[in-house]
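Input: a single structure, listed below in structure tokens.
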Amino acid sequence: MYLSIMTAAPLLGAIVVGCLPRSAGRLAKLIALVVSVGVLGVAIAAWLKFQPGGARMQLTESYTWVPAWGARIGFGADGIALVLLGLIALLVPLVIIASWNHAETDSRRSVPAFFALLLFLEGAMIGVFAATDVLLFYVFFEIMLVPMYFLIGSYGADVPQKQRQYAAVKFFLYSLVGGLFMLAAIVGLWVYGGHTFDWQTLANEEFSRTAGRWMFLGFFIAFAIKAPFFPFHTWLPDAGGAAPAGVAALLVGVMDKVGTFGILRYCLPLFPEASRYFAPLAITLSVVGILYASLLAVGQNDLKRLVAYTSIAHFGFIGIGVFAFTTQAATGAVLYMLNHGLATGLLFLVVGMLVSRRGSAAISDFGGAGKLVPVLGGVFFLAGMASLALPGLAPFVSEFLVLIGTFTVNKTVAVIATLGIILAAAYVLWMIQRTMQGKLNPSLTEVSGLRKDLTGREYLVVAPLIALLLVLGFYPKPVLDVINPAVSVTLQTDLGVHDPAPANNQTEAGK
Amino acid sequence: MKDISLPHLNYAALAPMLILFGVACVGVLVDAFAPRKARYPIQLVVALVGLIAAFVAVVLRAGKVTAENAITAAGAVSVDKPALFLQGTLIVLGAVALLLIGERALERGGPFVAQAAITVGSDADQRQAARESGATEVFPLTIFSLSGMLLFVAANDLLTMFVALEVFSLPLYLLCALARRRRLISQEAALKYFLLGAYASAFFLFGLALLYGFAGGITFAKINESAQNGTGNITLLYAGLALVSIGLLFKAAAVPFHVWTPDVYQGAPTPVTSLMAACTKVAAFGGLLRVLYAGFDRVHWDYSPIIAAIAVLTMLVGSILAVTQTDIKRLLAYSSIANAGYLLVGVLGNSALGLSSVMFYLVAYGFTVIAAFAVITLVRDADGEATHLSRWAGLGRRSPFYATVFTVILLSFAGIPLTSGFTSKFAVFSAAGGGDQSWLVIVGVVSSMILAFPYLRVVVMMWLSEPGEQTPSVSLPGMLTSAALVIGVVITIFVGVAPQPLLHLTSEAANFIR
């Protein structure tokens, strides 16, 4: 019952909060917070119930839905999904706390609607990761767009209205286009797979080579747009730049993971032949994405857009990790998804705090701000270090795993991708230098917001994330134990690839 | 010469049609004899009661129908399961559209003109616009049209089908001309619809004659038999099928027989537009399915490529032209054309699955489109409905409730899950995929992407734009419009969340008897 509660509770909460009158803003916030904390509680319980060495899909549930199509309301989680479910359950309450006063002060729109949309988004995102029925997955995949669309379009603060509209529409259309390609593939899956949507049954099904490749492409395009991979990424900087910071944290931190999660859960197990066939293409796109997005990030003057570009680069690493087809790399990729959610989530939230104080997201409007808000500047620095994968912080572990996992099978790619780390140092350090350090920008002293350092509410937001980044940086084992079995079974059983033998065997296994 | 014997009539099977024809005649008498003040309530009650009675008759019949007792009236009518399902659909959709037609709370005297014959703009016209309540003839006209549709989907030979086509078309032409506001474009719409409809009927009739030449009979059983045996001139068969199909595709608003649709949808009074968008679609596709599945089953490999080409054209032209529209009613007209394309994709499923998916789609689309037009009747200012898109800017701020409702409707049109638009699209696409038409599925998906853009633009207009001076307020709907809106939206969501009951009904019904 864990997963259905986690999905249904926020959706019901969204309906309740959405029906509140506009004047009941305080009540709406409280309900939203209580619901999301409750979901976090259930998620922790689910994590404890989950047995890392047990069956692949655990916490399974299945209810009748549309027998005529063989579709059921099926929930279940493997290690990969569990980690991401935990990430959502953790980030949403933090975002709610961080956005506590956003709706009325910054965007002057209906408060209950804002929190209703956030809860709706949480329910849909949990549903996406928890679904074991392909049609149910698709349903959540698509309806997730609706709350996000309104959150970007209606609640993006300090961005001109035209730009918000543009970003929201672009986000929606890009995702919808991907989703509809996936719909075509799902129709194919249903027709060739014997009129069922059960993931396990379909994973055991053999498809013809042509059909498999076409369906793979349908799914892959949807996920590549969602993730986003180069060259499908152009919506993300716009959406990330226009969305309110808390929402952007969810957009980049969680929603985009649906793309890479989907590849691991659907593309590889359902279409193993096609996955191997298209892997070089996917790796190429990922590598190009790393370099291209990093270079663009270096040149950004808008903080939120900059962080969005860094994300695209990070997704390049995840893409390499997934398609390198070694356990190390794939485990690293999944861990990267979690760590990226924590690090980029933190970065977006901190940027949001800075932007709402300064009233502008332009880097040139800052300068030496660290002197006015030292604690906030410190947190910003830490988030930046996490983002560039400094050893000791969690993202380092995952990036390292991805690179060594890739190195064993494809040295060129690993070496080129390593360049991305250098570029990451460049964009992060420059960003911090231009905003926080150096001479104090005189106009900043007149900004009343910057006289206040981190407030208690904001401490509450950043503390858990920083703690997790540190803990997972030193001791990632509990999470790796959960991820590893799921990744191995995906690669070895579903995909039929095996890790190359360690190099000291000399014989170069497989040749 | 044999003696002419009276055909056996199965009254239970014919009851729904007979009831509606009777009710329509009663409506004419009411208009002739009832005092002016009392006409409106009497007509409304008579029409609704008649529809309910006809629906009860359909339901009762649905329990008893078998392959043996479906055909009656000397083989002219086949009240089989698909026919009963479509008749039930037509009656319910017609009743909901009738609620909009009967609404008089939004505007003094309702959406219809009192006397359409008065010259537009004359003194008499201004007097009647200001004072007189609308014509009550609209009720019997609607019922006549619906009864024609009921017969149309049950016709078992081409001649009966032709008669039914005329019976349901002629009242519609008239209804189009009766708008209270913007009377000139209303009359223009009616004339266009009438002239083009007359051409289409002529095509149908010509095709009928050719098919008679081919098969020596006009019943679907006879045509199917001749096609199976290979007797008869095959050229006549193809030419006849082509011409008959043109007549049907015209009613279905498929490209390239769609040109009337935007003008008529825009010009006709909005409640009538909703009737056409929902019920005419059901009737046209009901007829098309019967002709193709029951009459020309044997040659489906021959017509499939042509219908497929038309489906592709319809989907693409409908969706691309929808992008350029600035009037909400024209936008929905092009969307209706594109939806005709999706329905054709389902038709090409060519199996029980194809039949049931098209019927499923018709129900889902019908309710959503009526709800959409119901909202359009509400958004109005002193000059009547404000249909230009720019006028809808910021509607979400002015009237969040109705903007939310309309957003749900638009999301359904765009095929977002948890609405009937998604389940119905999935139904037709999976039927086509099962019928080896995968490429049609891909075209359908691409066209859905294009079509999502205009819908999204309306959502942007309503929610993300600031209300301007010109943004009209939403009128409080009367009881009737509220009921229509609630029914439409509830079914849109219900069929989206739990499609199983309707899927079960349609797959039960998917078997033509010829």
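Every chain is numbered from 1, with letters handed out A, B, ... down the list of sequences. No hydrogens, no waters, no symmetry mates; every other heavy atom, side chains included, goes into these values.
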Using 0.5 Å steps for rounding, measure from the CZ atom of F150(A) to the OG1 atom of T407(B). 5.0 Å
Under 4.5 Å to a heavy atom of chain B? For W190(A) that would be side chain
Q165(A) side, atom CD; R457(B) side, atom CZ - distance, nearest 0.5 Å: 11.5 Å
Are any non-hydrogen side-chain atoms of P499(B) and W69(A) less than 4.5 angstrom apart? yes
What part of F181(A) is in contact with chain B, defined as an atom under 4.5 angstrom from a non-hydrogen atom: side chain, backbone, both or neither? both
Of the backbone (N, CA, C, O) and the side chain (C-beta and beyond), which part of Y192(A) lies under 4.5 Å from a heavy atom of chain B, both, or neither? side chain
Counting only heavy atoms not in Y63(A) (residues, nucleotides, ligands), do more than 12 fall under 6.0 Å from its OH? yes
Please state whether the side chain, the backbone, both or neither of L411(B) comes within less than 4.5 Å of a heavy atom of chain A. side chain
Nearest heavy atoms of A452(B) and L176(A), plus distance in Å: CB-CD2, 3.1 Å
Quick check: under 4.5 Å, non-hydrogen atoms only, which of residues 415-431 of chain B neighbour chain A? I416(B), P417(B), L418(B), F422(B), T423(B), F426(B), A427(B), F429(B), S430(B)
How long is the span from the CE atom in M215(A) to the OG atom in S438(B), to the nearest 0.5 Å? 9.0 Å
Output for pair (R397(B) CZ, S154(A) OG), nearest 0.5 Å, gives 7.5 Å
Under the criterion side chain to side chain contact (heavy atoms under 4.5 Å, CB included), I'd like the reasoning laid out for F172(A) against V459(B): C-alpha separation, chi angles, the key distance, then a yes or no. CA-CA 11 Å; F172(A) 196 91; V459(B) 176; over 6 Å; no
Mind listing the closest non-hydrogen atom pair of L180(A) and V445(B) along with its distance? O-CG1, 3.2 Å
Atom NE2 of residue position H504(B) - does it have more than 12 heavy atoms of other residues, nucleotides or ligands inside 6.0 Å? no
Identify which part of A185(A) has an atom lying under 4.5 Å from any heavy atom of chain B, answering side chain, backbone, both or neither. neither
So, the part of L145(A) with a heavy atom under 4.5 Å from chain B: the answer is neither
Contact summary for L464(B) and A168(A), nearest pair of heavy atoms: CD1-CB, 4.2 Å
For atom CZ of F278(A), decide whether the heavy atoms of other residues, nucleotides or ligands shown that lie under 6.0 angstrom number more than 12. yes
Answer yes or no: is there a donor N or O on one side and an acceptor on the other, between the side chain of Q500(B) and the main chain of W65(A), under 3.5 Å? no
